[in-house]
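Okay, so here's the structure we're looking at.
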Amino acid sequence: DAGVTQSPTHLIKTRGQQVTLRCSPKSGHDTVSWYQQALGQGPQFIFQYYEEEERQRGNFPDRFSGHQFPNYSSELNVNALLLGDSALYLCASSLNPSTNEKLFFGSGTQLSVL
Amino acid sequence: QKEVEQNSGPLSVPEGAIASLNCTYSDRGSQSFFWYRQYSGKSPELIMSIYSNGDKEDGRFTAQLNKASQYVSLLIRDSQPSDSATYLCAVRISGGYNKLIFGAGTRLAVHP
């Protein structure tokens, strides 16, 4: 049973560039959430996708956008990268956002913006 | 205003001792509480969940919840050097579907 998988594992970009991160949820899960974790901080909620729609959004600018595909996988896009976007980006999957389900995290994508 | 607060540590305990990690939260309507363990450079791993007041035990781990005091804790008995990690407290906020709010984490160091 495959867990949550993310790609790539590491990424180096320069300011102003755009980046796309990918996530495949755990088998049987239909909801994907994205979190940003800066060094020394806890994960911060970016947004959540269910039924191919953004259901909730955290306090992140419009430069952060996402998508969910029919197979439940998801992408996180960040435009016009800033130095402050350097962080570990975590994808978490669960079953149905309205139920009391546990979140399981992928191994993350470490993004460095130079 | 932070919604979930933890002492950043480091909390240093000798091998075999009990480590006690604490967390407070501000949303009185929260119903679900989680402890994640995160090793350096790795992703968070769920180790405990608790939904009702009282204690919940799983192996060497015990989670304690007091909703009246808005307080949740994690006890690790017989601490091992392999328990050295950052422990993240997470709260599912009321009305927030499956959105978790995390504390900044407490770094635990277990020394031989």
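Every chain is numbered from 1, with letters handed out A, B, ... down the list of sequences.
Evaluation of the salt bridge (charged side-chain N to carboxylate O under 4.0 Å, His left out) test over residues 59-72 of chain A, restricted to residues two or more places apart or in two chains, returns A/Arg63-A/Asp85. For residues 54-63 of chain B, the pairs satisfying salt bridge (charged side-chain N to carboxylate O under 4.0 Å, His left out) are B/Glu57-B/Arg77, B/Arg60-B/Asp83, with sequence neighbours left out.
Only the side chain of A/Gln37 comes within less than 4.5 Å of a heavy atom of chain B; its backbone N, CA, C and O stay farther away. For A/Leu88, the part lying near chain B is the side chain, with the backbone staying farther off; criterion is any non-hydrogen pair under 4.5 Å.
Within 6.0 Å of atom CG in A/Leu82, more than 12 heavy atoms from other residues, nucleotides or ligands are found, so the atom counts as buried in its surroundings. Within 6.0 Å of the CZ atom in B/Arg37, the count of heavy atoms belonging to other residues, nucleotides or ligands exceeds 12. Within a 6.0 Å sphere centred on CG of B/Asp78, heavy atoms belonging to other residues, nucleotides or ligands number more than 12. Other residues, nucleotides and ligands place no more than 12 heavy atoms under 6.0 Å from the CG atom of A/Asn59. Sparse packing is recorded around CG of A/Leu39, with 12 or fewer heavy atoms of other residues, nucleotides or ligands lying under 6.0 Å away.
Between A/Tyr35 and B/Leu100 the shortest side-chain heavy-atom distance falls below 4.5 Å.
Put simply, the side chain of B/Tyr36 never gets that close to the backbone of A/Phe105: no donor and acceptor are under 3.5 Å apart.
The side-chain contact (heavy atoms from CB on, under 4.5 Å) search around A/Tyr72 returns A/Pro25, A/Asp30, A/Gln68, not counting sequence neighbours.
Across B/Leu88 and A/Gly42, no two heavy atoms sit closer than the pair CD2-CA, 4.1 Å.
Residues from residues 42-49 of chain B that place a non-hydrogen atom less than 4.5 Å from a non-hydrogen atom of chain A comprise B/Lys42, B/Ser43, B/Pro44, B/Leu46, B/Ser49, given in numerical order.
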